[in-house]
2 protein chains.
Amino acid sequence: MANPKILIVDDEPNIRDLLTTTLRFQGFAVQSVSNGAGTISAVLAEEPDLIVLDVMLPDMNGFSVTKRLRSAGYTSPILFLTAKDDTQDKITGLTVGGDDYVTKPFSLDEIVARINAILRRTMAKEEEAMIIAGEITMDQDTHEVKVGENTLDLSPTEFKLLRYMMLNPNRVLSKSQILDHVWEYDFNGDAGIVESYISYLRRKIDPIASEPLIQTKRGFGYMLRVPKP
Amino acid sequence: MANPKILIVDDEPNIRDLLTTTLRFQGFAVQSVSNGAGTISAVLAEEPDLIVLDVMLPDMNGFSVTKRLRSAGYTSPILFLTAKDDTQDKITGLTVGGDDYVTKPFSLDEIVARINAILRRTMAKEEEAMIIAGEITMDQDTHEVKVGENTLDLSPTEFKLLRYMMLNPNRVLSKSQILDHVWEYDFNGDAGIVESYISYLRRKIDPIASEPLIQTKRGFGYMLRVPKP
DNA sequence: GCTGGCGTTCAGGTTTCTCTCAGGAAACTG
DNA sequence: CAGTTTCCTGAGAGAAACCTGAACGCCAGC
């Protein structure tokens, strides 16, 4: 099967570029438009497998766009981008079927994970819900993480950090790389927070792992060590 | 495949020349421009496989340039050059979609290694993460170095020095040559530090190697001896 | 309103690294 | 063989990178 097609709808050029670059790098075929009016024609022309749709557009809102898409016969799922203070019922009104939403500002890791989760359900992409890295297993649907037989209890950020590392095993990841992928794109703090969270993860993983799995590569970053298969 | 094309964007002529010469010698097809305005047209005309982009340009900053490149449909990776005292949050947002950054002042070895790492991932250049020189192997992704079956634990500088020597085996490398490639370009200390680091390397390698691998060519420099295959 | 979990910052402590220097060893020169 | 040059390496000062406990504010749920 060819690469899934994704259409991005957002009026902020920064967000559009950020998403376009990231998703292209993930192997998706990406198109983007900046307003609601262009969405309909782009969808009809491209027939994307998924739409990333900002709810607040200058010319029309997510309801109108969705309504018009649905009545035009488009049935593929939509991932909505909403502001954090949007009311819950406004959001639930939008997400029917395989749809989902993430709040702005998001982290890139988050968006990619959600998109894969949706596509896993709608296209028959089997088997990818489970991430396995050595003795650690992570179920992206249930958020269950295990080291050997022991279940790990992680905070949301710990979970995302570990997921990012598990998706890039045996590779040195710099602190800013981690920051860019795991934290929200407008995070404006110090890279020291990565050190803190690495410390938290170690405290939870090391006591039950057979060996230290998170290694420090001084001067370069961190690495999740996974033995060769 | 033809040689990868690289575009260098920096306003300091010294840096431009330094990079141009080095990268041409590495076999890349190199072009260079001095400001942000010229970048767009150069990119569209040349379609480089990678851009080396100084974040601080006189006419516009790296963010603006990147933004305009991305919205012009240019998707190839960018290696950013940033000042070391730029706060980390300025760097944040840069390492997305295969992009990377190095801080000024850099070492030539560093730049070349990063460029190759990026191209390895974006163009399907497989298998080159591993550098092999006789009984020494070096994995550039995991930073793992082995002599035979034994793993070596190296400091960052030791690692870079050994990498440079492994990339130039059976060739006498003068101390100033080593200094130019392994140390940052503005380092103005004594060449004696190379002696120190050669000594460190020997102390770690010789006990587990079958024979002394680093040879002194008195009056000329050092050489990593690798038997013909 | 209270509580507890979470994200974030910060500072002290610790480890590790870089770089310099100087005395001694080795190699070359005449 | 004595003098000279070059190289080797131990010791150590200082800096950088890293780790971690503690504190604070925020927010959700009770």
Side-chain angles (χ1 to χ4, degrees), chain A residues 84-88 103 105-107 109-110 143 152-162 172-179 182-207 212-223, chain B residues 84-85 87-89 91-92 103 105-107 109-110 143 145 152-162 172-176 178-179 182-207 212-223:
Chain A
K84 193 161 274 172
D85 54 346
D86 280 356
T87 56
Q88 190 67 31
T103 56
F106 46 80
S107 75
D109 197 52
E110 190 64 21
H143 276 215
L152 225 50
D153 189 31
L154 300 178
S155 80
T157 304
E158 288 164 0
F159 179 85
K160 289 186 217 166
L161 171 58
L162 182 57
V172 179
L173 304 169
S174 73
K175 274 180 266 199
S176 50
Q177 221 171 345
I178 294 174
L179 222 43
V182 177
W183 268 260
E184 298 170 350
Y185 58 77
D186 69 342
F187 178 77
N188 207 2
D190 194 82
I193 195 170
V194 177
E195 295 176 16
S196 286
Y197 270 87
I198 289 284
S199 174
Y200 298 156
L201 273 186
R202 278 184 176 144
R203 195 172 309 168
K204 293 184 175 179
I205 293 177
D206 282 352
L213 298 177
I214 301 178
Q215 297 186 345
T216 302
K217 295 292 174 180
R218 181 173 259 258
F220 297 100
Y222 298 96
M223 187 178 87
Chain B
K84 188 165 276 173
D85 55 342
T87 50
Q88 193 76 24
D89 49 77
I91 296 167
T92 291
T103 55
F106 47 79
S107 72
D109 197 52
E110 189 67 20
H143 280 214
V145 182
L152 275 191
D153 189 31
L154 301 177
S155 81
T157 304
E158 289 164 0
F159 179 87
K160 291 180 204 166
L161 171 58
L162 181 58
V172 178
L173 304 169
S174 74
K175 273 180 267 199
S176 51
I178 293 175
L179 222 42
V182 178
W183 268 261
E184 298 170 349
Y185 58 75
D186 70 342
F187 177 80
N188 64 349
D190 196 81
I193 195 170
V194 177
E195 296 176 13
S196 284
Y197 272 87
I198 289 283
S199 172
Y200 298 155
L201 272 187
R202 278 182 176 145
R203 193 174 312 167
K204 292 183 176 179
I205 293 176
D206 283 351
L213 298 176
I214 301 178
Q215 298 186 346
T216 303
K217 296 295 174 182
R218 193 185 173 82
F220 298 99
Y222 299 96
M223 188 178 90

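Note on naming: letters A, B, ... go to the chains in the order of the sequence lines (proteins, then strands), and numbering restarts at 1 for each one. Only heavy atoms go into these numbers, but all of them, side chains included; no hydrogens, no water, no symmetry mates.
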Exercise. Of all the nucleotides listed (D/dG21, C/dT8, D/dC19), which has the minimum atom distance to the side chain of A/Arg203?
Worked result: D/dG21

Exercise. Among B/Phe187, B/Trp183, B/Tyr185, which residue meets the ring pair (Phe, Tyr, Trp, His ring centres under 6.0 Å) test with B/Phe106?
Worked result: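 So the option named by the test is B/Tyr185.
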
Exercise. So does B/Tyr200 reach the base of C/dC19 with its side chain, donor to acceptor, closer than 3.5 Å?
Worked result: yes

Exercise. Do A/Arg218 and C/dT15 have a side chain to base donor-acceptor pair shorter than 3.5 Å?
Worked result: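 A donor-acceptor contact between them is present.
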
Separation of [X] atom [atom1] from [N] atom [atom2], in whole Å?
X        : N      : atom1 : atom2 : result
A/Phe187 : C/dG7  : CZ    : C1'   : 9 Å
A/Leu179 : C/dG7  : CG    : P     : 14 Å
A/Asp206 : D/dC19 : CG    : C1'   : 13 Å
B/Ile214 : D/dT9  : CD1   : C1'   : 14 Å
B/Asp153 : C/dT15 : CG    : P     : 16 Å
B/Arg202 : D/dC7  : CZ    : P     : 11 Å
B/Glu158 : C/dC19 : CD    : P     : 12 Å
B/Lys217 : C/dA26 : NZ    : P     : 19 Å

Exercise. Within a reach of under 6.0 Å around CZ of B/Phe220, are more than 12 heavy atoms found that belong to other residues, nucleotides or ligands?
Worked result: no

For this session: Inspect the surroundings of CG in B/Asn188 and state if more than 12 heavy atoms from other residues, nucleotides or ligands are less than 6.0 Å away.
Result: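 Atom CG in B/Asn188 is not crowded, with 12 or fewer foreign heavy atoms closer than 6.0 Å.
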
OP1 or OP2 of [N] versus the side-chain N and O atoms of [X]: is any pair under 4.0 Å?
X        : N      : value
B/Lys175 : D/dC7  : yes
B/Ser199 : D/dT9  : yes
A/Ser155 : C/dG5  : no
A/Thr216 : D/dC18 : no
B/Trp183 : C/dC19 : yes

Exercise. Which residues in residues 188-198 of chain B have at least one heavy atom lying under 4.0 Å from any atom of DNA chain D?
Worked result: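 Within residues 188-198 of chain B, the residues near DNA chain D are B/Glu195, B/Ser196.
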
Problem set entry | Interatomic spacing from CD1 in B/Ile198 to CD1 in B/Ile214 - rounded to 0.5 Å | 5.0 Å

Exercise. Quick one: NZ on B/Lys204 to OG on B/Ser199, what's the gap to the nearest 0.5 Å?
Worked result: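 The NZ atom of B/Lys204 sits 11.0 Å away from the OG atom of B/Ser199.
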
Exercise. Taking all atoms of both residues into account, what is the closest heavy-atom pair of B/Asp206 and B/Leu213, and its distance?
Worked result: OD1-N, 4.0 Å

Are any of the side-chain heavy atoms of [X] and [Y] separated by less than 4.5 Å?
X        : Y        : answer
A/Tyr222 : A/Val194 : yes
B/Glu158 : B/Val145 : no
A/Lys217 : B/Phe159 : no

Exercise. Could you give the angle between the helix axes at the two ends of the helix from C/dG1-D/dC30 to C/dG30-D/dC1, with five pairs per end, rounded to 10 degrees?
Worked result: 20°

For this session: For the pair B/Glu110 (side chain) and B/Ser107 (backbone), establish whether a donor and an acceptor sit closer than 3.5 Å, ignoring hydrogens and angles.
Result: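 Side chain of B/Glu110 to backbone of B/Ser107: no pair is present.
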
